[in-house]
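Worksheet: one structure, shown below.
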Number of protein chains: 2
Amino acid sequence: MARDSSATKARILEAAFDEFAAYGIAGARVDRIADTAGANKRMIYVYYGNKEQLFDQVILRAVEQGAESVPFDAENLPRYAGAIFDHLSADPRLMRLLMWKRLERPEATALEAESYARKTASLAAAQREGHVDPAHDPADLLTLVLGLAQAWYTTAGGGADAARHRAAHRAAVVDAVARLVEVREAA
Amino acid sequence: MARDSSATKARILEAAFDEFAAYGIAGARVDRIADTAGANKRMIYVYYGNKEQLFDQVILRAVEQGAESVPFDAENLPRYAGAIFDHLSADPRLMRLLMWKRLERPEATALEAESYARKTASLAAAQREGHVDPAHDPADLLTLVLGLAQAWYTTAGGGADAARHRAAHRAAVVDAVARLVEVREAA
DNA sequence: GTCATGTCAATAACTGGATAGTTACTTGCT
DNA sequence: AGCAAGTAACTATCCAGTTATTGACATGAC
């Protein structure tokens, strides 16, 4: 039993990810997190303050990792949507975690607000340059693209045998976004 | 204080809707539901069994009302998506309630499975008849349409000033679905 | 080298408040 | 009277957060 505080911190964070993804904030049990982490409950309070702050840390890490592995690409939105789809497919806990966050901690963080603003701005630019149909407001377009990329995880479609058709679902998302952003000649 | 059991039942159900939409199952407080309903806590247990069963009843009523006021229309999916959008706009509690359900009671009920099957079947028919592009599997298409219709409520786009742009958002949804189902000549 | 000292990591047992569900009782209607 | 509706007070459990204490390791004095 080496005494390694950063390893303990990391184990707690990982266990908390599991627990929060499964039960949300209200349903999560601090004792269970401590057990799963193989750590003492007290350390959770030492390292993270309380249950809510621990949740915030879990979210923060997930968002950072997401931003890192799925860079925004205003000029190729179908590909961006496909990348989001892949990212969500890779870990089923992720979408659940984000849904809990929307329900239990809906306040947009500064980080999120800033990332949102950056995306809409670069989307507007892509529209001016003719890569994306300018029919919709950039913010609206972003919402629609995200809605499509997440559709399998926010609706009943993501049921039992979803894994077997993953490739087809992904292709459907990519195609749907392609149709959405396709530049049309003025009628 | 008239003694009217069905009125008490209804008040409890309405208060439970409020409470569950706000806090989910784990976060909901039975005492608070009783207070809001102006009913005695005991009556909740008499009429509904326990907290989970009460939640199930709230969901059941919401789903029934939804099915009633938003009939599926495979031959005009943009309109269907618009109707879903309107239905969700009319009561912000609704989408929250459905999200809690996905997270806390994910099992698909028989009712839901049946309604899902009916929709995909009639969608397949609409594709054969040329009303809907047959590029995608009907089940996938349904998922995408729902993803679009709910996009403002499942993503960060549904923030503060969303109400002011509701009409524009609705139009965006309808247009996005129109593009999605548009029949294309074979390339 | 080894022993005292300070510091950080970790633990088990506890506390106080909350909370789902119950019991025993009262009220009002017919 | 008799039954259904309603009530208040209770219980047993659970659970977030705390307290008091022990164990590990490094540093430096001698």
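Keep in mind the model is a prediction, meaning the values are calculated, not measured. Every chain is numbered from 1 and lettered A, B, ... according to where its sequence line falls, protein lines coming before strand lines.
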Begin from the C-alpha positions of B:R164 and B:H169 and carry the test side chain to side chain contact (heavy atoms under 4.5 Å, CB included) through to its verdict. CA-CA 10 Å; B:R164 231 174 325 122; B:H169 295 163; over 6 Å; no
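Taking atom CG on B:D31 and atom C1' on D:dT7, their separation rounds to 14 Å, with Å as the unit. Following rounding to the nearest Å, A:I25 (CD1) and D:dC15 (P) show an atom-to-atom distance of 16 Å. Between the C1' atom of C:dT19 and the NZ atom of B:K51 lies a distance of 8 Å, rounded to the nearest Å. Residue A:E52 contributes atom CD, which lies 18 Å from atom P of D:dC15 at whole-angstrom precision. In this entry the distance linking OH of A:Y23 with P of D:dC14 reads 15 Å, nearest Å. Atoms CZ (B:R32) and P (C:dA18) sit 12 Å apart, rounded to a whole Å.
Listed in residue order, the members of residues 40-50 of chain B having a heavy atom less than 4.0 Å from DNA chain C are B:K41, B:R42, B:Y45, B:N50.
Listed by first and then second residue, the ring pair (Phe, Tyr, Trp, His ring centres under 6.0 Å) pairs that reach into residues 57-91 of chain B are B:F72-B:Y80, B:F85-B:Y153, sequence neighbours excluded. Note on residues 123-138 of chain A: pairs passing salt bridge (charged side-chain N to carboxylate O under 4.0 Å, His left out), not counting sequence neighbours, are A:D133-B:R179. The ring pair (Phe, Tyr, Trp, His ring centres under 6.0 Å) analysis of residues 31-62 of chain B, with sequence neighbours excluded, yields the pairs B:F20-B:F55.
Judged as a side-chain hydrogen bond (donor to acceptor under 3.5 Å, both in side chains), and not counting sequence neighbours, the contacts of B:R32 are B:E19.
Note on B:A34: nothing from the nucleic acid sits closer than 4.0 angstrom, heavy atoms only.
Five base pairs at each end of the helix from C:dG1-D:dC30 to C:dT30-D:dA1 define two local axes, and these are offset by 10° (rounded to 10°).
Distances shorter than 4.0 Å separate some side-chain N or O of B:R29 from OP1 or OP2 on C:dA20. Close to C:dA9, at under 4.0 Å from its OP1 or OP2, lies no side-chain N or O of A:T8.
A:R93 forms a cation-pi arrangement with A:F17, by the criterion of a distance under 6.0 Å to the ring centre and an angle within 45° of the ring axis.
Side chain of B:T120 to main chain of B:A117: a donor-acceptor pair is present (N/O by atom type, distance under 3.5 Å, no hydrogens or angles). With B:R105 contributing its side chain and B:D56 its backbone, the two residues share no donor-acceptor pair below 3.5 Å.
In the hydrophobic clustering of this structure, A:W100 groups with A:L111; members are Ile, Leu, Val, Met, Phe, Trp, Tyr whose side-chain heavy atoms approach within less than 4.5 Å, directly or through other members.
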